Amino acid sequence: MADAETIWTALEEAGRAAEGRSIAGLFDDPGRLERLTLEAAGLYLDLSKQPWSLADFDLALCLAEASGVADARTRVLAGELFNQTEGRAVLHAALRAPAGADFSAAGVPVSADVEATRTRIKSFADGVRAGTIGGAGGRSFRAIVHIGIGGSDLGPRVIWEALKPLDPQIDLRFAANVDPAELAQALTGLDPAETLVVVVSKTFTTQETLANAETARAWLRGGLGEEAANLHLAAVSAAPARAEAFGVPADRVFAFWDWVGGRYSIWSAVGLSCAAALGFEAFEGMLAGAAEMDAHFNSAPMHRNAPVLLALAHIFNRNAMGRPIRAVVPYAQRLRLFPAFLQQLEMESNGKRVDVEGRPVRRATAASVFGDAGTNGQHAFFQLLHQGTDVVPVDFVAVRQASEGDPAAQRKLLANVIAQAEALMIGRPTADEPHRVFPGGRPSSFILMDRLTPQTLGALVALYEHKTFVEGVLWRINSFDQWGVELGKALAGEVLKDLEGGEGAHDASTANLIQRLR
Ligand code: F6P
């Protein structure tokens, strides 16, 4: 077999040949639909509207083989220190494995700890819902305020939005931003005596989260007094001692581990607020759906492997066809936050410019991801998707049966998503006037699920986690560190000192802005 570099070159050539070619014309190949569609863990994936021919697709599969995707998958699950720059294993799959699994991180068994924590999450969630775990004054918790940011926030927000009942027993609210407006809004109308504040931070050092946690604690203290306030706190952290030092009672601190990356952490106690607000069965259902996708990813042959195929389709657009942006459009209002979740998952994981050996990468890495729910997006950015000068590939996500509401409206929603994918591909190349021309040839992936359930949501998130991993292997980068967020954090500390009277050295523009704000 040719080496990966030779195959990359051939794939780039294939991309140039695909430029301007009609995607619709590729359906003349009778095997196309069969080879480019598959089902996994309750998700149907259609990659036939991508710009690749079946020969290109075969070439992409060769790239996966030559790049050692299968071997990397084995090594990561074996608990090797796959996140080299931080010296950590990468084992979020261990968090959703069925009971009795046997994972180790760098030789240290972890599955017993995972199961013990899962049991604690269950009894806490059950207790909160039953009212046996309640506030200091004996009242049940009717609201939870989840404080965290990035990976400690986005996943739980997506889960809540996707699965929350129309009339929830527990009102779950979120505050991530250090902008005081968000926490002020989250706390408005709540009674401290019936509110649980869950502080989620892997490091328990994040500026935004600690600032919000302090404000929320002061709000609790103001309503309940100092001692009682602490009984309205729970925390989730890989640094549990710091959470206890903050004042959270030890039996309300839930640990996770350094081998769980922040953006891969929704399967850990980071999902505690959701488990309490939705019920543990929902949390367990998500784990089961993700575990099903794990089993598929680990055992399906490469050419029928959903995360591998999705990664290859994205790589074909990104590297062979030079497309730096991708849109993600869930045609499900309940999934409207999914694009934001993917933004962090993909851009923080794979927005890297050096490879695992620290050398500059040879080709472009993560695409920029953006999106919003359909049909709303159709009345905003779809103009550019259809007629803009850049070709922006789209991932459509659709749900056959709505969780609620009018079935006729749901049919309209589905008609729109199908029509958009078709319109982007077919276009309307001839029209009387130039501004009515749609060039077509605009690629999309289509992911369809029967219903939006904890299981299908878990499978969907795991699908994208694995696809992000596969891309990282193909690009030879470390998908599990995030050094790029450090510089801004450090400078914010310096600027804060200067806003409060310090005299740090800055460039003229920065110094001027600081002066204006003082
Ligand atoms: O934005 C950087 C980051 O480190 C993310 O990776 C992480 O999810 C987020 O900050 C929050 O970190 P923590 O959970 O430690 O508060």
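For ligands, and for the atoms within them, numbers begin at 1 and follow the listed sequence. Keep in mind that the numbers below use all heavy atoms, side chains included, and drop hydrogens, waters and symmetry copies. Quick caveat: nothing in here was measured; it's all calculated off a predicted structure.
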Protein contact to atom 11 (C) of ligand 1 [nearest heavy atom, distance to 0.1 Å] | Ile149 O, 3.2 Å
For the pair Lys352 and Asp481, find out whether any cationic side-chain nitrogen is under 4.0 Å from an anionic carboxylate oxygen.
-> yes
Taking atom 1 (O) of ligand 1 as the point of reference, which of Lys489, Glu348, Lys202, Gln482 owns the nearest heavy atom?
-> Glu348
Side chains of Asn350 and Ser479: donor-acceptor distance under 3.5 Å anywhere?
-> yes
Has Glu208 got any heavy atom lying under 4.0 angstrom from an atom of ligand 1?
-> no
Are any of the side-chain nitrogens in Glu161 or Arg157 under 4.0 Å away from the carboxylate oxygens of its partner?
-> no
Looking only at distance, does Gly151 have an N or O less than 3.5 Å from an N or O of ligand 1?
-> yes
What atoms in ligand 1 come closer than 4.0 Å to a heavy atom of Thr206?
-> 12 (O), 13 (P), 15 (O), 16 (O)
Derivation of the side-chain contact (heavy atoms from CB on, under 4.5 Å) call for Glu80 and Val76 | CA-CA 6 Å; Glu80 277 188 24; Val76 80; over 6 Å; no
Aromatic plane relationship, Tyr464 with Phe338 - under 30° parallel, 30 to 60° tilted, over 60° perpendicular | perpendicular
Could you see which bit of Val485 sits under 4.0 Å from ligand 1, with heavy atoms only: side chain, backbone, both or neither?
-> side chain
Return yes if a side-chain donor-acceptor contact under 3.5 Å exists between Asn512 and Gln515, otherwise no.
-> no
Is at least one protein non-hydrogen atom found at under 4.0 angstrom from atom 16 (O) of ligand 1?
-> yes
